[in-house]
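Here the structure comes first, spelled out in structure tokens, and everything after it is commentary.
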Amino acid sequence: MKTAGSYTSFTPVDDRFEYKKKGIFRCRFKKESVYILAFVAGIILVNLFVITMAIISKPPSLAYLVFGISKWIVPLLSPFILIGGIRVFLSGAFYNYTVDDEKMLIVCPRENYRADIFFNTVLGVEYTDLLRLTRKYGFRVTVTCTDNTYTYDFIFPHGVHNMREDLTPFRIIEERCGFVAPPEYYAGQRIDNI
């Protein structure tokens with residue numbers, strides 16, 4: 001059995017009050033690669049349209065002036081828009097979670113997702129590293145229950161390059177299911193070795 005680390009959901013007053021916690025985390029979009037490809041194709045199409053309109057418009061018109069200026073500005077700004085857009089898609093969607101004594105509710109309105117993970121049905125929680133260009137940027141978390149298996153591509157918060165498993169909200173599932181031993185307290189102070 002794992003021991004509770006320095007970041008744990010257990011408190012010295014667990015036996016007196018109900019446990020309740022809310023928070024957010026980010027996961028990859030389920031169709032991340034489709035979004036990125038569509039965005040890149042859109043940027044290319046806008047560039048082709050502007051350049052084509054600049055070529056076919058006649059000199060004495062307003063369209064000639066607008067597209068004549070745009071044929072230089074749009075291709076210069078496109079790489080910055082492209083990089084910014086791809087970063088937005090790679091940053092993932094926000095998932096909200098609410099935990100009480102019997103279940104963890106995970107909701108993502110953007111992905112139209114809802115999962116009720118009851119602690120008495122959980123068989124195990126498994127973490128696998130997610131790599132992008134040989135750099136770890138998150139965990140693929142698989143929560144196996146008796147009735148279903150839930151998979152989340154958890155992304156580290158911005159600025160964090162490496163994160164331990166006990167800092168993820170899925171550690172709460174492990175603790176509440178009994179896979180992690182609760183720390184020992186005496187007079188409100190932890191006495192176990194961390």
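In this text the structure is predicted, and so the values were computed from the model without any measurement. Numbers here simply count residues along the sequence, with the first being 1.
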Thr121: partners by side chain to side chain donor-acceptor pair (under 3.5 Å), with sequence neighbours left out: none
From Glu111, Arg26, Arg110, residue fulfilling side chain to side chain contact (heavy atoms under 4.5 Å, CB included) relative to Tyr95: Glu111
Minimum heavy-atom distance Ser91-Ile155, with the two atoms named: O-CD1, 3.9 Å
Pair Tyr97-Lys21, side-chain contact (heavy atoms from CB on, under 4.5 Å): steps then yes or no: CA-CA 8 Å; Tyr97 68 91; Lys21 182 171 178 144; 3.7 Å; yes
Charged tip of Lys31 within 45° of Phe89 ring normal and under 6.0 Å: no
Quiz item: cation-pi between Arg176 and Phe119, 6.0 Å / 45°: no
Full working for side-chain contact (heavy atoms from CB on, under 4.5 Å) between Phe29 and Val34: CA-CA 10 Å; Phe29 287 110; Val34 173; over 6 Å; no
Phe156 ring center near Phe139 ring center (under 6.0 Å): yes
Smallest separation among heavy atoms of Cys108 and Phe94, with atom names: SG-O, 3.4 Å
From Lys30 atom NZ to Asp153 atom CG, the distance as rounded to the nearest 0.5 Å: 7.5 Å
Arg171 versus Tyr127, closest heavy-atom pair with distance: N-OH, 3.6 Å
Taking every non-hydrogen atom, the tightest pair across Val141 and Phe154: CG2-CB, 4.3 Å
Minimal non-hydrogen separation, Ser78 against Asn47, with atom names: OG-ND2, 3.0 Å
Candidate pair Ile117 and Val122, rule side-chain contact (heavy atoms from CB on, under 4.5 Å), full reasoning: CA-CA 8 Å; Ile117 301 173; Val122 175; 3.6 Å; yes
